[in-house]
Amino acid sequence: MRLALPEGAMTAAAATAEASEVFQKCGCKGIRTCLICERQLQVDPPWQLSPQKTHRFLYNVDTGWAVGAEDSNCEGWGFPFPGVTLIEDFVTREEEAEMVRLMDLDPWKLSQSGRKKQDYGPRVNFRKQKLKVADFQGLPSFSREVVRRMGLYPGLEDFQPVEQCNLDYSPERGSAIDPHLDDTWLWGERLVSLNLLSPTVMSMSREAPDTLLLSSAPTTGPKDSVDNLITPSWSVLCQDVEVAIPIPRCSLLVLTGAARHQWTHAIHRRHITARRVCATFRELSAEFQPGGRQQDLGRELLQISCSFQGRPV
């Protein structure tokens with residue numbers, strides 16, 4: 001027999017079940033939230049409670065500098081920002097449409113912060129530094145030409161990805177990704193991302209307690225940048241700095257060096273204004289390369305990835 005509750009009453013168990021159902025629908029866990037669970041649970045998104053960075057800069061692809069934003073207190077100032085390569089029009093609109101069409105033939109899994117994802121790679125426990133190869137069948141067939149084309153560009157000639165992660169962002173879900181550094185135990189030096197369907201902005205920040213020396217921002221190119229380094233004019237705390245990297249539609253972004261290892265990267269919710277699909281490719285770290293401690297496992301992963309017969313795991 002089932003007892004009836006007074007109208008409007010809800011047991012603690014029922015409330016918990018309802019909350020769980022909400023999070024299952026959006027994929028958020030822990031402190032991560034999106035528009036779906038924020039509206040249904042009536043909570044404020046964590047990013048609204050975080051203080052904004054004091055000093056805001058914009059990455060200049062021509063000079064390789066981070067330049068003070070026009071409406072900021074750092075306007076006219078800047079500093080070199082190495083480790084960023086942006087290749088515009090890496091794919092055509094027709095190629096973009098076909099790639100996304102093929103992605104959409106496979107299911108998208110719910111992920112945190114309003115994202116959906118498709119993973120092509122080994123299952124990895126980064127905390128325990130363990131991985132399973134069993135379900136990994138390789139990168140998808142439609143990435144074969146993308147990877148071949150990468151090798152035509154300086155700095156990517158020997159790039160051999162063993163993992164591809166597709167992420168689907170939507171303004172209706174309030175999609176975003178928090179500031180983070182990618183793993184370095186399994187993943188190597190270069191992070192390569194293909195931006196599809198809409199432009200966005202990657203926001204770089206650094207929590208190190210040291211300072212940055214600013215100079216007058218260059219107006220021409222790298223040579224002018226070197227000249228400006230002679231007499232730094234102003235120092236600011238790294239923790240107060242954010243660098244915005246505009247990423248056009250159909251472009252390829254490569255992060256290496258300091259941009260890969262010292263500066264966290266994020267996509268803020270406000271920079272998702274239409275559906276955005278990002279395909280990120282990762283290579284193996286030195287431990288899994290020839291001569292490394294796990295070179296045999298690395299060789300196996302590379303052979304699988306290069307088959308281009310994969311389905312999302």
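Note that the numbering runs from 1 along the sequence shown for the chain.
Contacts of S111 classified as side-chain hydrogen bond (donor to acceptor under 3.5 Å, both in side chains), with partners at least two apart in sequence or in another chain: none. Listed by chain and residue number, Y59, F81, I245, L253, L255, A259 satisfy the side chain to side chain contact (heavy atoms under 4.5 Å, CB included) test with V84 (two or more places apart in sequence, or in another chain). Residues passing the side-chain hydrogen bond (donor to acceptor under 3.5 Å, both in side chains) test with Q137, sequence neighbours excluded: none. Applying the salt bridge (Lys or Arg N to Asp or Glu O under 4.0 Å) test to E88 and every residue at least two apart in sequence or in another chain returns nothing. Scanning for side-chain hydrogen bond (donor to acceptor under 3.5 Å, both in side chains) contacts around E207 gives K53, with sequence neighbours left out. With sequence neighbours left out, the side-chain hydrogen bond (donor to acceptor under 3.5 Å, both in side chains) criterion links R282 to E163, D182.
At least one side-chain heavy atom of F126 sits under 4.5 Å from a side-chain heavy atom of W187. The side-chain heavy atoms of L252 and S193, taken from C-beta on, include no pair separated by under 4.5 Å. Under the 4.5 Å side-chain criterion, counting only non-hydrogen atoms from C-beta, T264 is not in contact with H180. Side-chain contact between V254 and L191: absent, with no pair of heavy atoms (C-beta onward) separated by less than 4.5 Å. Looking at V100 and D104, their side chains come closer than 4.5 Å, going by heavy atoms from C-beta outward. Between I267 and Y169 the shortest side-chain heavy-atom distance falls below 4.5 Å.
E287 and S285 are not linked by any side-chain donor-acceptor pair at a separation below 3.5 angstrom, with hydrogens and angles left out of the test. Inspection of the Q239 and R206 side chains reveals no N or O donor paired with an N or O acceptor under 3.5 Å.
Note on residues 275-313: pairs passing ring pair (Phe, Tyr, Trp, His ring centres under 6.0 Å), not counting sequence neighbours, are W185-F288. Within the structure, the salt bridge (Lys or Arg N to Asp or Glu O under 4.0 Å) test picks out the following pairs touching residues 236-246 (sequence neighbours left out): E242-R270. Under the side chain to side chain donor-acceptor pair (under 3.5 Å) criterion, the residue pairs touching residues 113-127 are Q118-N166, R123-D135, with sequence neighbours excluded. Pairs engaging residues 301-313 under the side chain to side chain donor-acceptor pair (under 3.5 Å) rule: D106-R311 [sequence neighbours left out]. Residue pairs meeting the side chain to side chain donor-acceptor pair (under 3.5 Å) criterion with at least one member in residues 249-260, sequence neighbours excluded: E96-R249. Counting only residues at least two apart or on different chains, the ring pair (Phe, Tyr, Trp, His ring centres under 6.0 Å) pairs with a member in residues 136-165 are F90-Y153.
None of R173, R276, K109 except one satisfies the salt bridge (charged side-chain N to carboxylate O under 4.0 Å, His left out) rule with D168; the exception is R173.
The structure places SG of C238 at 10.5 Å from NE2 of H55, a figure rounded to the nearest 0.5 Å. Here the straight-line distance linking atom CZ of R56 with atom CD of E70 works out to 11.0 Å at 0.5 Å rounding.
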